[in-house]
Amino acid sequence: SLEAFREPVFEQAGAFLGRLHAVGHGYRPRAGAPQRLHWHQLDPPDRVLASWPGEDRSLAERFETLHGRMRECRVPEERYGLIHGDVHRGNIHLHPGGIDVFDFDDCCRAFLAMDVAHALYYALWDRRYLPETERSAFARDFLVALLRGYRGERSFDEDDLALIPDLLELRELAVDAFSHRRHTEPDAETRRRWAWVRQRIEQGRPYVELELAELYDPSTRGR
């Protein structure tokens with residue numbers, strides 16, 4: 001439930017992602033074995049761009065900008081690898097011993113920061129229409145807890161954090177495009193959600209206001 005999805009779970013989810021990335025970094029499939037797709041192959045941009053009607057050209061243009069920027073982005077090898085891709089409360093089983101994360105259908109090769117961005121995106125899903133100050137405060141608290149768990153397993157530094165805003169927007173647009181493909185006769189809530197995304201894009205506002213400096217790893221400051 002939403003009520004159970006709180007700080008201890010955020011931290012455990014972060015620890016799961018840290019362990020997953022640490023193990024996945026050393027994984028090398030045997031020669032000739034099937035390979036996981038890269039993030040840009042999992043949902044081809046042509047399909048995404050074709051999802052929006054003409055009046056939503058601003059969304060397509062923003063997607064092209066972000067997608068191109070991320071395709072050109074180069075990160076060290078240890079910051080790119082296998083990710084889960086879809087960590088949200090619907091894919092987390094809570095039990096007395098902690099959590100289990102399942103549903104690896106979206107597992108792919110991507111920026112490891114993408115897992116963190118996607119987790120934050122879905123954590124904010126039901127907080128979409130709250131005042132921005134509340135959304136921003138929740139996002140900060142969520143990331144503080146998630147990264148505390150993550151950093152117990154491996155590092156997540158300033159360069160990783162710098163990717164989060166673009167990765168959040170890219171996820172929002174990919175989900176919005178999927179929603180347009182799925183809902184040929186959208187209900188009122190779906191139309192409201194589409195309008196919210198369109199308005200944000202047209203106004204040039206970030207998915208959520210983040211002060212990234214507040215999320216730096218204290219143990220690395222001053223280095």
Side-chain angles (χ1 to χ4, degrees), residues 1-2 4-29 35-43 70 73 75-127 138-172 174-175 207-208 210 212 214-220:
S1 69
L2 184 61
F5 196 60
R6 297 189 180 280
E7 183 176 337
V9 177
F10 305 159
E11 185 170 346
Q12 290 175 65
F16 163 80
L17 290 176
R19 290 193 298 272
L20 176 71
H21 295 167
V23 171
H25 178 64
Y27 173 68
R28 297 292 183 273
Q35 300 282 333
R36 286 286 182 173
L37 297 175
H38 289 276
W39 64 274
H40 53 85
Q41 299 169 317
L42 199 62
D43 196 7
M70 297 312 299
C73 183
V75 296
E77 181 183 357
E78 64 269 18
R79 297 305 182 196
Y80 191 99
L82 288 172
I83 69 167
H84 180 282
D86 202 25
V87 171
H88 56 75
R89 71 175 184 272
N91 288 337
I92 294 177
H93 171 63
L94 306 180
H95 55 83
I99 67 170
D100 290 324
V101 182
F102 54 94
D103 189 359
F104 282 76
D105 287 359
D106 288 344
C107 177
C108 64
R109 296 183 180 277
F111 306 97
L112 302 186
M114 190 174 281
D115 256 340
V116 172
H118 288 189
L120 175 58
Y121 170 78
Y122 288 116
L124 287 165
W125 180 268
D126 293 315
R127 297 170 172 85
F138 174 83
R140 181 191 62 244
D141 293 345
F142 175 86
L143 285 176
V144 165
L146 189 87
L147 293 176
R148 184 166 58 242
Y150 190 102
R151 287 168 172 154
E153 305 294 332
R154 71 191 317 272
S155 67
F156 195 95
D157 61 19
E158 286 87 341
D159 291 337
D160 295 309
L161 283 166
L163 298 174
I164 296 297
D166 280 357
L167 292 172
L168 277 171
E169 275 203 77
L170 199 60
R171 186 59 168 182
E172 177 190 38
V175 170
Y207 180 70
V208 65
L210 290 173
L212 296 180
E214 297 179 349
L215 303 167
Y216 290 167
D217 185 351
S219 68
T220 65

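We number each residue from 1, following the sequence as shown. Atoms considered below: every heavy atom in the structure, side chains included; atoms not considered: hydrogens, waters and symmetry mates.
- Of the inter-residue distances, the one linking Y122 atom OH with N91 atom CG reads 9.0 Å to the nearest 0.5 angstrom.
- The closest side-chain heavy-atom distance from L124 to L168 is not below 4.5 Å.
- In this structure, L146 CG and L120 CG are separated by 8.5 Å, a value rounded to the nearest 0.5 Å.
- Remark: R171 does not engage D43 in a salt bridge, criterion side-chain N to carboxylate O under 4.0 Å.
- By the neighbour-count criterion of 12 heavy atoms within 6.0 Å, atom CD of Q35 is densely surrounded, having more than that number from other residues, nucleotides or ligands.
- The two residues A113 and L163 make their nearest non-hydrogen contact at CB-CD1, 4.2 Å.
- Here the CG atom belonging to L112 is positioned 9.0 Å from the NE2 atom belonging to H25, to the nearest 0.5 angstrom.
- Between the CZ atom in F111 and the CG atom in D160 there is a gap of 11.0 Å [rounded to 0.5 Å].
- Side-chain atoms of H95 come within 3.5 Å of backbone N or O of G97 as a donor-acceptor pair.
- Across all non-hydrogen atoms, the minimal contact from A139 to V208 is CB-CG2, 4.0 Å.
- Of all the heavy atoms in L212 and A162, the pair that sits closest is CD1-CA, 4.1 Å.
- Rounded to the nearest 0.5 Å, atoms CE (M70) and CG (D166) are 6.0 Å apart.
- For the pair E214 and L143, the minimum side-chain heavy-atom distance is 4.5 Å or more.
- Between Y121 and W125, the two ring planes are perpendicular [angle over 60°; tilted spans 30° to 60°].
- The CZ atom of R36 sits 13.0 Å away from atom CD of Q41, with the distance rounded to the nearest 0.5 Å.
- Listed for the H118 side chain is no donor-acceptor partner under 3.5 Å among the backbone atoms of D86.
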For residues 14-23, run the donor-acceptor check on the side chains, cut-off 3.5 Å, and write out each pair with its distance to 0.1 Å, sequence neighbours left out.
from : atom 1 : to   : atom 2 : distance (Å)
H21  : ND1    : L17  : O      : 3.4
H21  : ND1    : Y150 : OH     : 2.7
H21  : NE2    : D115 : OD2    : 2.8

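- Here E7 pairs with R148 under the side-chain hydrogen bond (donor to acceptor under 3.5 Å, both in side chains) rule; sequence neighbours left out.
- Scanning all heavy atoms of the two residues, the minimum distance from I99 to A13 falls at CD1-N, 3.6 Å.
- Salt-bridge formation is detected for the pair R89/D126: a Lys NZ or Arg NE/NH1/NH2 atom is positioned less than 4.0 Å from an Asp or Glu carboxylate oxygen.
- The shortest heavy-atom contact between R109 and Y80 is O-OH, 3.2 Å.
- Using cut-offs of 30° and 60° for the angle between ring planes, the F138 and F10 rings count as perpendicular.
- In this structure, W39 and L170 have side chains that are in contact, with non-hydrogen atoms separated by less than 4.5 Å.
- V87 pairs with exactly one of D103, V116, I92 by the side chain to side chain contact (heavy atoms under 4.5 Å, CB included) rule, that one being I92.
- For the pair S155 and R79, the minimum side-chain heavy-atom distance is below 4.5 Å.
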